[in-house]
Amino acid sequence: MPTTVDHILSELNPPQREAVTATQGPLLILAGPGSGKTRVIAHRIAYLVQHEEVEPWRIVAVTFTNKAAREMRGRVVAHLDEQASDVMLGTFHSICARILRIDGNRIGLDRSFNIYDDADQMALMKRVAEALGIDTRAIKERAILSAISHAKSELISPSDYASKTHDWFTEVIARAYERYQQMLAENSALDFDDLIVKTVQLLQDDEHTRRKYQDRFLHVLVDEFQDTNVAQYQLARLFAAFHGNICVVGDPDQSIYSWRSADIRNILNFERDFANAKIVLLEQNYRSTQNILDAAHAVIAGNKQRKEKSLWTERGAGEPIVVYEAYDEQEEAQFVADEVAGLLRSGHDERDFAVMYRTNAQSRALEEALIRAGIRYQIVGGTRFYERREVKDVLAYMRLAHNPYDLVSFARVVNVPGRGIGDKTMEQLELWAGRLGLPLYTALQILSAQQAGDREHEAAKLEPHPLGTRQANALAGFLEMLDELIDVGAKNNVSTLIDGVLERTQYRKWLLASADDDAEAEERWANVEELRNVASDYDGLAAGHGLVSFLEDVALISDADTLEDADDNGGKVTLITLHSAKGLEYPVVFMIAMEEGVLPHVRSFDDPAQMEEERRLAYVGMTRAKSRLYLLRSFRRYGTGMSTHNPPSRFLRDIPSELITAKSAVSEAAGAPAERTEMRYRAAERVRERDVSDAEAGFFSGGERVRHPRFGEGIVVAAVTKGDDQELTIAFKGEAGMKKLMLSFAPLERM
DNA sequence: ATACACGCGCTTTTT
DNA sequence: GCGCGTGTAT
């Protein structure tokens with residue numbers, strides 16, 4: 001039921017109300033965590049439509065993820081019912097893709113461009129490097145792509161870049177950048193950054209299109225503005241240039257994407273570019289307890305480059321923050337599982353919990369512990385469905401059906417399932433196509449005609465293909481199938497196309513045969529079926545159009561989008577990176593590995609600016625918590641093979657002790673003093689000859705009590721088996737403190 | 001052309 | 001502890 005204007009405004013506090021009703025001219029909303037930013041945007045849209053009678057289609061609102069866009073749409077629907085669907089709402093990337101499909105032809109783009117994801121870009125860059133003779137041992141494809149992405153996000157074109165090279169590295173990049181763009185164009189493909197860059201270019205170069213959108217967009221809203229890059233900001237300005245009603249919402253303290261070229265200066269530039277900009281501060285927090293806010297503030301206050309903004313809440317102090325020191329990451333995960341189990345018994349639901357970490361790899365120990373405890377969980381990101389081999393294969397066929405010039409997709413599936421078209425065949429085919437100056441797909445058609453022996457066909461006049469009959473026939477067969485699929489894709493719905501692909505390629509048979517075991521086969525086929533399931537959602541759309549939408553959505557899906565809504569995930573604990581957690585909230589939050597080297601990450605140690613970003617990351621994590629916040633660290637952590645001991649994160653030290661309840665598995669178990677020394681014990685002589693069998697040595701395990709002739713009584717904190725040896729970390733009572741011992745030469749005795 | 005086995009290097013965060 | 005690329009055998 002649509003709400004009234006009075007109703008819209010009555011739900012807001014005074015600054016929020018101002019943020020909603022200041023509709024004319026530029027507006028910068030600085031919104032702290034939990035300050036009702038999303039609701040302000042939704043209310044603003046509703047207010048524009050209901051109070052100012054703005055037609056919904058003249059409003060464009062940009063969010064950071066598709067999930068955020070969906071949520072936003074949901075809220076707008078609550079106010080406006082079906083009118084909400086006319087608001088242009090999406091991520092920068094999805095909005096740009098939509099614009100380019102419609103108007104990209106005006107700058108020479110093929111309407112049926114494919115969108116290249118990370119893996120596709122890598123595949124293409126490999127080709128670029130090979131063509132240019134770049135030694136990818138010296139400069140990795142990743143590094144080249146990253147440099148190019150950086151350039152694109154600052155709207156630096158290949159020729160701009162080439163004119164500013166200053167060393168060997170940038171010269172290589174310049175050549176690679178130019179060729180890369182050329183090859184993308186030949187494949188009718190755009191990468192993520194191109195979606196933005198080309199849209200900016202379209203609006204700048206083509207007056208007709210510029211007028212069309214600038215006239216249309218009466219109101220422009222940008223969420224998570226602190227995480228936009230220069231190109232995105234430029235785009236937002238272009239959108240708003242005619243009517244001048246641009247509203248950006250952000251929080252400099254939550255800027256955590258500078259590595260993706262997000263430019264925190266955009267906020268400062270906004271005030272400069274729009275001198276008359278109104279600024280509204282949202283400081284009342286509706287999410288967290290005062291303890292959590294105070295702790296988070298103590299952490300973020302450590303940053304020098306920031307504007308002071310202090311959050312307050314009407315909620316009470318709440319529970320103290322729990323800081324826990326675990327033995328090792330297993331025990332750390334176990335602690336999380338135990339706490340969750342305990343809180344579940346006292347009335348919490350699984351969906352109330354999130355466990356956050358710095359790197360994806362850290363989810364593993366947590367998963368194991370949660371499985372052991374029988375607690376249901378969902379992982380955001382990590383092993384991504386759309387990166388599975390079988391899913392990418394089927395998608396590649398669909399992408400080819402949409403755009404047969406897509407060489408990356410072509411190369412992926414030309415011999416999957418195997419049809420006798422190997423690397424050598426492809427190489428000769430590509431060389432020949434190159435000599436003819438034709439795209440591979442066109443060359444293939446020539447080859448097919450030549451193979452059919454049609455002397456009248458113009459193909460007969462061109463250089464004959466260099467391939468043997470066997471290979472040529474295999475290729476002609478592939479082309480025939482591809483053309484059928486193109487036809488199926490153009491005339492039918494998406495699931496019919498998938499069925500066509502699976503049927504014609506006998507993909508199931510091949511997939512099942514190629515799996516190592518039954519379980520893998522089953523899982524892989526289930527993934528294919530799931531893909532078909534997802535695709536069938538697009539069956540209602542007109543033929544061809546469904547395929548475009550499907551491929552586009554799949555390409556632009558983000559990690560955060562895979563998060564199931566808390567309301568209907570059937571109760572699961574969420575495991576999520578700190579980055580993906582931005583914008584979310586949970587009653588109970590665990591942040592693990594609060595250690596020097598992890599958070600803050602080692603790679604930020606030598607750069608003060610990056611260190612400030614690590615601090616913001618900690619801030620983002622902490623402010624996700626509504627009622628309970630746990631900060632964990634582990635005495636020992638396994639890195640690449642070796643185990644390490646990390647000192648507690650500097651961010652922990654910044655939190656006033658009166659806000660904290662501290663617990664330690666290590667000192668409690670050992671009864672050791674809080675101050676511990678760590679030293680490595682080395683035997684003068686290593687007795688390899690002695691056969692240390694498991695039975696004889698009696699390998700130790702965590703928790704066992706032991707005695708050492710010199711250090712006395714202790715408890716095994718961690719035990720790592722290394723071949724015949726076992727490395728033990730033992731907390732000794734009293735003065736001796738914490739020691740690491742190698743079992744094979746450490747004279748230990750069980751107690 | 002395919003299948004398998006071994007070794008190397010690497011691991012921040014993602015639209 | 002992992003995927004990827006290379007090398008070798010069939």
Side-chain angles (χ1 to χ4, degrees), chain A residues 62-69 90-97 115-119 121-123 126 136-137 140-142 145-146 149 152-153 190-197 224 227-229 231-232 255-262 329 356-362 364-365 380-384 386-387 389 415-426 468 470-471 474 510 513-514 516 552-562 576-582 593 597-605 607 610 613-614 616-618 620-621 638-643 720 722:
Chain A
V62 189
T63 58
F64 196 67
T65 63
N66 294 300
K67 180 174 187 288
T91 64
F92 271 112
H93 292 86
S94 67
I95 287 172
C96 287
I115 298 169
Y116 275 5
D117 70 10
D118 201 54
Q121 291 177 45
M122 283 288 278
K126 286 205 172 102
T136 52
R137 286 171 180 265
K140 299 219 166 46
E141 292 93 336
R142 269 250 131 64
L145 284 169
S146 155
S149 173
K152 287 184 179 178
S153 55
L190 300 180
D191 68 15
F192 285 135
D193 298 309
D194 281 342
L195 293 172
I196 316 290
V197 172
E224 304 286 9
D227 287 325
T228 55
N229 63 34
Q232 290 165 332
S255 165
I256 54 175
Y257 283 96
S258 73
W259 51 274
R260 217 174 67 192
S261 310
E329 55 197 333
M356 301 180 185
Y357 35 81
R358 179 65 231 268
T359 65
N360 279 304
Q362 290 174 276
R364 186 173 233 112
V380 180
T383 48
R384 295 172 210 165
Y386 290 100
E387 287 172 13
R389 189 185 70 202
N415 206 29
V416 175
R419 44 177 81 86
I421 304 170
D423 294 344
K424 269 271 172 293
T425 307
M426 276 301 286
R470 201 192 182 87
Q471 278 82 3
W510 175 84
S514 69
D516 289 338
E552 199 163 288
D553 288 354
V554 164
L556 297 178
I557 206 147
S558 71
D559 270 4
D561 297 332
T562 66
I576 192 169
T577 63
L578 288 163
H579 280 90
S580 297
K582 187 172 61 119
V598 183
L599 184 68
H601 197 271
V602 258
R603 305 246 320 221
S604 59
F605 279 176
D607 181 347
Q610 276 196 46
E613 183 143 319
E614 296 291 308
R616 292 193 290 270
L617 200 50
V620 166
Y638 303 94
T640 311
M642 280 290 288
S643 72
V720 190
K722 295 185 167 177

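Heavy atoms only: backbone and side chains are in, while hydrogens, waters and symmetry mates are out. Letters A, B, ... mirror the listed sequences (proteins, then strands); counts begin at 1. Bear in mind that the values here come from a model prediction, so they are computed numbers and not experimental data.
- By the salt bridge (Lys or Arg N to Asp or Glu O under 4.0 Å) test, Glu614(A) is found to be paired with Arg358(A), residues two or more places apart in sequence or in another chain being considered.
- Residues passing the salt bridge (Lys or Arg N to Asp or Glu O under 4.0 Å) test with Asp193(A): none are found, sequence neighbours excluded.
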Exercise. Do Leu617(A) and His601(A) pass the side chain to side chain contact (heavy atoms under 4.5 Å, CB included) test, and can you show the C-alpha distance, the side-chain angles, and the key distance before you say yes or no?
Worked result: CA-CA 11 Å; Leu617(A) 200 50; His601(A) 197 271; over 6 Å; no
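- Residue Arg616(A) is classed as having no contact, given no heavy-atom separation below 4.0 Å to the nucleic acid.
- Here dC10(B) presents its P atom at 12 Å from CD of Glu141(A), a figure rounded to the nearest Å.
- Listed by chain and number, the residues in a salt bridge (Lys or Arg N to Asp or Glu O under 4.0 Å) with Glu552(A) are Arg101(A) (sequence neighbours excluded).
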Might you list the N or O atoms of the protein lying below 3.5 Å from N or O atoms in nucleotides 3-7 of chain C, with each pair's distance?
residue	atom	partner	partner atom	Å
dG5(C)	OP1	Lys126(A)	NZ	3.1

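- In this structure, Asn415(A) and His601(A) both approach DNA chain B, and ranking their closest nucleotides by distance from the 5' end singles out Asn415(A).
- When all heavy atoms are compared, the tightest approach of Val62(A) to Thr91(A) is CG1-C, 3.9 Å.
- Annotation for Arg389(A): atom CZ counts as buried by contact number, over 12 foreign heavy atoms lying within 6.0 Å.
- Using a 4.0 Å heavy-atom criterion, one finds that Gln610(A) contacts the bases of the nucleic acid, with or without backbone contacts as well.
- Residue Arg364(A) has a polar side-chain atom (N or O) positioned under 4.0 Å from OP1 or OP2 of dC2(C).
- The aromatic ring of Tyr257(A) is not stacked on the base of dT13(B), since the criterion of ring centres less than 5.5 Å apart with planes inclined by under 30° is not met.
- In this structure, Arg470(A) has no side-chain hydrogen bond (donor to acceptor under 3.5 Å, both in side chains) partners at least two apart in sequence or on a different chain.
- For the OP1/OP2 pair of dT13(B) and a distance below 4.0 Å, the side-chain nitrogens and oxygens of Lys582(A) include no atom meeting the criterion.
- In this model, the phosphate group of dT11(B) is not approached by any side-chain N or O of Asn360(A) to a distance below 4.0 Å at OP1 or OP2.
- For the pair Ser94(A) and dT15(B), the criterion of a side-chain N or O lying under 4.0 Å from OP1 or OP2 is not met.
- When the side-chain nitrogen and oxygen atoms of Thr577(A) are compared with OP1 and OP2 of dT14(B), one or more of them lie within a distance under 4.0 Å.
- Rounded to whole angstrom, the span from the NZ atom of Lys424(A) across to the P atom of dT2(B) amounts to 14 Å.
- For Gln362(A) and dT13(B), the CD to P distance is 9 Å, given to the nearest whole Å.
- Rounded to a whole Å, the CZ atom of Arg603(A) is 8 Å from the P atom of dT11(B).
- Toward the 5' end of DNA chain B, the nearer of the two residues Leu617(A) and Gly418(A), judged by each one's closest nucleotide, is Gly418(A).
- Applying the salt bridge (Lys or Arg N to Asp or Glu O under 4.0 Å) test to Asp118(A) and every residue at least two apart in sequence or in another chain returns Arg142(A).
- The side chain of Ser153(A) places no N or O atom within less than 4.0 Å of a non-bridging phosphate oxygen (OP1 or OP2) of dT15(B).
- Across all strands shown, Asp118(A) has no heavy atoms under 4.0 Å from either base or sugar-phosphate atoms.
- Arg260(A) has its CZ atom 9 Å from the P atom of dT14(B), to the nearest Å.
- Rounded to an integer number of Å, the gap from Leu556(A) CG to dT14(B) P is 17 Å.
- Comparing the same atom, P, in dT13(B) and in dC4(C) gives a spacing of 16 Å after rounding to whole Å.
- Within the 4.0 angstrom heavy-atom criterion, only backbone atoms of the sugar-phosphate kind lie near Phe64(A); the bases stay farther away.
- Thr577(A) meets the side-chain hydrogen bond (donor to acceptor under 3.5 Å, both in side chains) test with Ser580(A); sequence neighbours excluded.
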Problem set entry | Secondary-structure string, 5' to 3', Watson-Crick or G-U under 3.5 Å, | for another-strand partners, for DNA chain C | .|||||||||
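- Taking the side chain of Phe192(A) as heavy atoms from C-beta on, and the options dC10(B), dT15(B), dT14(B), the nearest nucleotide is dT15(B).
- Distance CG (Asn229(A)) to P (dT14(B)): 17 Å, rounded to an integer number of Å.
- If you take CD of Gln121(A) and P of dT14(B), they are 16 Å apart, rounded to a whole angstrom.
- Applying the side-chain hydrogen bond (donor to acceptor under 3.5 Å, both in side chains) test to Ser255(A) and every residue at least two apart in sequence or in another chain returns nothing.
- Of the candidates dT15(B), dC2(C), dA1(B), dT15(B) carries the atom nearest the His93(A) side chain, counting heavy atoms from C-beta on.
- By the 30° and 60° cut-offs, the orientation of the rings of Phe192(A) relative to His93(A) is perpendicular.
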